[in-house]
Structures are given as structure tokens and as C-alpha cells.
Amino acid sequence: MNTKLLTQNDIDQAAAILKNGGLVGIPTETVYGLGANGLDPEAVGRIFAAKGRPQDNPLILHVPSADWLERWCVDVPETAYVLAERFWPGPLTVILKRGPAVPDVVTAGLDTVGMRCPDHPVTRAIIRAAGVPVAAPSGNTSGRPSPTTAAHMLEDMDGKIDAIVDGGPCAVGVESAIIDLTVDPPRLLRPGGVTLEQLREALGDVAVDAAVVRPMGAGERPRAPGMKYRHYAPRAPVTVVTGEPEKSAAYIAAHAQAGDGVICFDEFAGRFPGKTVERLGPSHDKGEQARRVFDALRAFDSTSVPAIWAQCPDPAGIGLAVANRLNKAAGFHIVEA
Ligand code: TXA
Ligand code: MG
């Protein structure tokens with residue numbers, strides 16, 4: 001298959017591919033998604049094949065506005081509209097009770113479905129033109145870092161999908177926050193661009209699923225099935241170093257071997273001679289760290305570094321999402337400096 005590169009002007013062409021059961025890479029504010037008609041089980045099946053994604057990992061449905069929720073979900077709670085009003089379009093997925101029109105293959109048989117309204121005008125226009133909710137996981141091969149540019153998505157999906165719409169680099173850089181609204185209190189399943197602090201301000205009590213902050217033990221099941229996989233993993237083993245930036249930099253300088261890879265805050269980039277260095281952004285700018293984290297992990301795949309060391313921000317704000325992605329890349333191999 002020849003994967004076409006489309007531009008922001010090719011909305012009708014992208015929508016036509018979706019309506020015909022094809023696969024299209026779509027830009028969102030978080031990461032690029034691999035979209036298919038969410039009502040067409042065969043098209044959705046092709047997503048799993050193109051990514052090499054386990055069948056037990058459900059997909060989220062993308063809609064252009066909150067008034068589509070009633071079509072695909074049942075018993076939509078008031079909290080969904082409270083969040084949609086504040087944060088949509090934006091980097092937040094809500095888990096709701098699934099309506100009868102949603103195919104089994106989308107939800108991996110669960111009785112709930114993830115719903116998200118992405119903050120990218122081109123993708124919302126494509127969904128509107130297609131007239132169907134678009135099922136879309138992140139556009140990477142399963143197990144690789146999520147793509148934040150069309151070029152990164154092409155690296156993984158060239159020849160496997162019909163087209164990729166280039167909508168520019170992603171503004172947030174990590175995937176959406178996922179909150180389960182079918183339980184009381186609502187539960188954060190994956191931290192993302194809408195922060196835990198913002199969700200608590202909007203809803204009051206919000207629980208945090210254990211899978212956000214630690215690895216799942218044998219026999220334990222995270223509520224978001226995808227959180228059990230060692231995602232975002234570059235080929236070399238990763239060690240995350242937490243603590244004050246000065247201390248974590250000193251720890252890495254003392255422990256990394258010649259030839260190792262280092263992901264560090266910008267101001268420490270000169271501290272690691274003889275190492276391959278990727279910058280995560282300034283230590284005070286977590287937004288930039290979120291935009292950079294997947295690119296930094298992905299960059300090491302084209303190198304032969306035997307090990308990677310990463311500085312990690314504190315968990316306040318979007319730091320929780322950055323730390324979670326680094327920790328998952330490291331298989332939660334974390335040391336405190
Ligand atoms: O920002 C995003 O959310 C991106 C862009 C493309 O929208 N999408 C994305 O999809 O990250 P994906 O499939 O890579 O991650 C979705 C996560 C997975 O961990 C999956 O297990 C979980 O959401 N999930 C999906 N449906 C669920 C459900 N009904 N209950 C619990 N978790 C669910
Ligand atoms: Mg993903």
C-alpha cells in the first residue's frame with residue numbers, strides 16, 4: 001500500500017477514505033492518531049493489524065462536539081458535561097457507559113467506551129465530514145513512543161495505512177488524560193494534558209488509578225487495559241532519576257557509562273561529555289518537556305546506546321504525565337537521587 005501524505009486542505013479526501021473503511025493518520029493536539037470509522041468493525045480491525053496492537057486493548061472514539069455523546073453512550077452523567085464544558089475540545093478522554101451502536105471490537109468487549117473531542121480543527125472537520133465517530137489509538141507501532149509529528153507517524157506506518165494528514169507538530173505532546181466517570185469518585189486512569197489538579201477543581205474528589213504511579217503486579221489489572229503494557233519503550237533499557245534537577249544530573253553524571261544515552265533538562269546538557277544527549281526542555285518548563293518527551297525517547301531508536309538515563313520532573317501539573325511516560329518507558333525502573 002502506498003501511504004499518501006495529505007495536507008490540512010485535504011479534509012474531504014481524508015473523510016472519504018474513512019467512509020470507505022480505510023485508515024488515516026490524523027493530527028491532534030496530543031499525539032497523532034490512527035483513525036478508522038468507529039462504526040465499521042472491519043475498518044477498526046485494520047487498526048489493530050497495522051499497529052500490532054493486542055486485541056484486548058480498547059480504542060477511544062473521537063467526536064467533534066459533546067452533543068455526540070448521547071448517540072454512542074448511555075446514562076451520560078452530568079459530570080461528563082461539566083468536563084466537556086471546561087476542557088473540550090482538549091486533551092481529555094472520558095470513560096462512559098457504551099451505547100448499543102458501538103461495535104465490540106472498539107471497546108474490546110468492555111461495557112464502557114472512551115470518548116474524546118480533540119483540539120485540532122482539521123481533525124474535527126474530518127470527523128464532521130465523515131459523519132461518524134472516529135476510533136483512533138496513538139499512531140505508533142505498538143510498544144513504540146507515540147508520534148508527535150507526521151514524519152514520526154510515517155516512520156511507523158509507511159505502507160501500512162492509506163494516508164496521513166500533516167497538521168503540524170502536536171501542541172501538547174503526550175496523550176490525553178483519561179478519567180473514568182462510571183465510578184464514584186471519578187478515577188484518573190492516565191495522566192495527560194488536562195491535569196489532576198484541574199480535574200479536582202472541576203469535580204472535587206478524583207481518585208488516581210494505581211497503574212498511573214506504579215507497575216502492575218502479576219494478576220493485577222489496571223482499569224485502562226493499555227496501561228499494563230510497557231509502552232513508549234525505546235530499544236535500550238531506561239533508568240529514570242528523580243529528585244532536585246541538580247541532584248539527578250549529578251547522579252547521572254556519576255553513574256552513566258561512556259556511550260550511554262541521557263535525557264536531561266536543557267541547562268544540564270553540557271554535563272555529560274562522551275554521552276548521547278537528548279534535551280527534555282528547561283527544568284522549569286513542563287509544557288516543553290511534554291512536547292519533547294516522546295521525540296527524545298524515539299531519537300534513541302536510531303542509535304546503538306546500550307542504556308538511557310533520564311532526568312524527571314516533579315509530579316505537579318503536567319509533570320505527572322511526563323513522569324508517567326518516562327516511568328513507563330523505564331518499566332518503572334526509578335532511582336531517587
Ligand atoms: O490523546 C489521545 O488520547 C490519543 C489521540 C490519538 O487521541 N489517543 C490515544 O489512544 O492515546 P491509545 O489507544 O493509544 O490509548 C488509549 C488508552 C489505552 O490505554 C486504552 O486501554 C484505554 O485508553 N481505554 C480505551 N477505552 C477504554 C475503556 N473503555 N476503559 C478503560 N480504558 C480504556
Ligand atoms: Mg497509545
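Nothing here was measured: the structure is a model prediction, and the numbers come from that model.
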State whether R221 and D209 are salt-bridged, where the test is any N-O pair (Lys NZ or Arg NE/NH1/NH2 against Asp/Glu carboxylate O) under 4.0 Å.
no
Minimum-distance pair of heavy atoms, taken over all atoms of A43 and G21
CB-O, 3.5 Å
Okay, side chain of N20, backbone of A16: is any donor-acceptor separation there less than 3.5 Å?
yes
Rounded to the nearest 0.5 Å, how far apart are CD1 of I26 and NE2 of H62?
5.5 Å
Run the salt-bridge test on R144 and D301 with the 4.0 Å N-O cut-off and return the result as yes or no.
yes
K97/D75 salt bridge by N-O under 4.0 Å criterion:
yes
Basic-acidic side-chain contact under 4.0 Å: E288, R279
no
Answer yes or no: is there a side-chain heavy-atom contact under 4.5 Å between H120 and P89?
no
Quick check: do T3 and L154 have side-chain heavy atoms less than 4.5 Å from each other?
yes
Under 4.5 Å between side-chain heavy atoms, counting indirect links through other Ile/Leu/Val/Met/Phe/Trp/Tyr residues: same cluster for L83 and L196 or not?
yes
Beyond-backbone contact of M1 with K160, side-chain heavy atoms, under 4.5 angstrom
no
Residue among L181, T79, V74 satisfying side-chain contact (heavy atoms from CB on, under 4.5 Å) with L96:
L181
Show the nearest heavy-atom pair for residues E197 and G317, with the distance to one decimal.
OE2-N, 2.8 Å
H255 vs Y251 aromatic rings, parallel, tilted or perpendicular, using cut-offs 30° and 60°?
parallel
Rounded to the nearest 0.5 Å, what separates atom CG in L34 from atom CZ in R46?
12.0 Å
So, for A14 and V24, which heavy atoms are closest and what is the spacing to 0.1 Å?
O-CG2, 3.8 Å
Are there more than 12 heavy atoms of other residues, nucleotides or ligands under 6.0 Å from atom CD of E220?
yes
I'd like to check Y32 versus C170 (side-chain heavy atoms, cut-off strictly below 4.5 Å). Are they in contact?
yes
Find out whether D104 and R98 are in side-chain contact, i.e. whether some heavy atom of one side chain is under 4.5 Å from a heavy atom of the other.
yes
Do the side chain of W88 and the main chain of L92 share a donor and acceptor less than 3.5 angstrom apart?
yes
Do the non-hydrogen side-chain atoms of L320 and N324 ever get within less than 4.5 Å of each other?
no
Quick one: does any side-chain atom of D285 pair with a main-chain N or O of G281 as donor and acceptor, under 3.5 Å?
no
So does F294 get a backbone contact from the side chain of R325, meaning a donor-acceptor N/O pair under 3.5 Å?
no
So if you build clusters from Ile, Leu, Val, Met, Phe, Trp, Tyr with side-chain heavy-atom gaps below 4.5 Å, do V106 and F48 land together?
yes
Can you tell me if T107 uses its side chain to pair, donor with acceptor, with the backbone of V113 under 3.5 Å?
no
Between the side chains of T182 and T112, is a donor N or O closer than 3.5 angstrom to an acceptor N or O?
no
In terms of hydrophobic clusters joined by side-chain contacts under 4.5 Å, are I179 and V208 together?
yes
Quick check: do V262 and F268 have side-chain heavy atoms less than 4.5 Å from each other?
no
SG/C73 to CG/L61 distance, rounded to the nearest 0.5 angstrom?
7.5 Å
Heavy-atom pair of closest approach, residues T7 and V165
O-CG1, 3.8 Å
Output, in order, the C-alpha distance, side-chain angles, deciding distance and verdict of side-chain hydrogen bond (donor to acceptor under 3.5 Å, both in side chains) for T276 and D260.
CA-CA 6 Å; T276 306; D260 280 358; over 6 Å; no
Residue E267 excluded, over 12 heavy atoms near CD under 6.0 Å:
yes
Would D156 and R298 pass as an ion pair if we require N to O under 4.0 Å?
yes
Let's go through R116 and T28 carefully: what are the C-alpha distance in whole Å and the side-chain angles of both, what is the deciding distance for side-chain hydrogen bond (donor to acceptor under 3.5 Å, both in side chains) to 0.1 Å, and is it a yes or a no?
CA-CA 11 Å; R116 161 158 142 77; T28 84; 3.0 Å; yes
Roughly how far, to the nearest 0.5 Å, is CD1 of I263 from CG of L326?
6.0 Å
Is the shortest heavy-atom distance from the side chain of V174 to the side chain of V293 under 4.5 Å?
yes
Chi angles and distances behind the side chain to side chain contact (heavy atoms under 4.5 Å, CB included) call for W309, V238:
CA-CA 6 Å; W309 304 78; V238 181; over 6 Å; no
Identify the heavy atoms of R124 and D119 that sit nearest to each other, and give their distance.
NH1-CA, 3.6 Å
Which of these, V241, T239, V335, sits in a side-chain contact (heavy atoms from CB on, under 4.5 Å) with I252?
V241
Spatial distance of atom CZ (R271) from atom CZ (F265) [nearest 0.5 Å]:
12.5 Å
For A108, does its backbone N or O pair with a side-chain atom of Q55 as donor and acceptor, under 3.5 Å?
no
Go through it in stages, so that I can follow the logic: the residues are E175 and T93, the test is side chain to side chain contact (heavy atoms under 4.5 Å, CB included), and I'd like the CA-CA distance, side-chain angles, deciding distance and then a yes or no.
CA-CA 9 Å; E175 305 90 337; T93 297; over 6 Å; no
Answer yes if I47 and I126 sit in the same cluster of Ile, Leu, Val, Met, Phe, Trp and Tyr residues linked by side chain heavy atoms under 4.5 Å apart, and no otherwise.
yes
Do the side chain of K51 and the main chain of N140 share a donor and acceptor less than 3.5 angstrom apart?
yes
As an exercise, state the distance from CD1 of I95 to CG of L110, rounded to the nearest 0.5 Å.
8.5 Å
Just do the side-chain hydrogen bond (donor to acceptor under 3.5 Å, both in side chains) check on S248 and Q311 with the steps written out, would you?
CA-CA 6 Å; S248 56; Q311 283 190 285; 2.9 Å; yes
Would you check if the side chain of D40 reaches a backbone N or O of E42 as a donor-acceptor pair within less than 3.5 Å?
yes
Donor-acceptor contact present, side-chain R200 to main-chain V206, <3.5 Å:
yes
Which atom names give the shortest non-hydrogen contact between P245 and S283, and what distance separates them?
CG-CB, 4.1 Å
Charged N to carboxylate O below 4.0 Å: is that the case for R292 and E278?
yes
Answer yes or no: is there a donor N or O on one side and an acceptor on the other, between the side chain of K275 and the main chain of A253, under 3.5 Å?
no
Step-by-step side chain to side chain contact (heavy atoms under 4.5 Å, CB included) determination, D162 to K4
CA-CA 6 Å; D162 298 277; K4 267 189 222 159; over 6 Å; no
Is there a path of hydrophobic side-chain contacts, each under 4.5 Å between heavy atoms of I, L, V, M, F, W or Y residues, that connects L188 with V183?
no
Would you please test E201 and R86 for side chain to side chain contact (heavy atoms under 4.5 Å, CB included) and show each step?
CA-CA 11 Å; E201 202 187 297; R86 282 214 200 189; 3.6 Å; yes
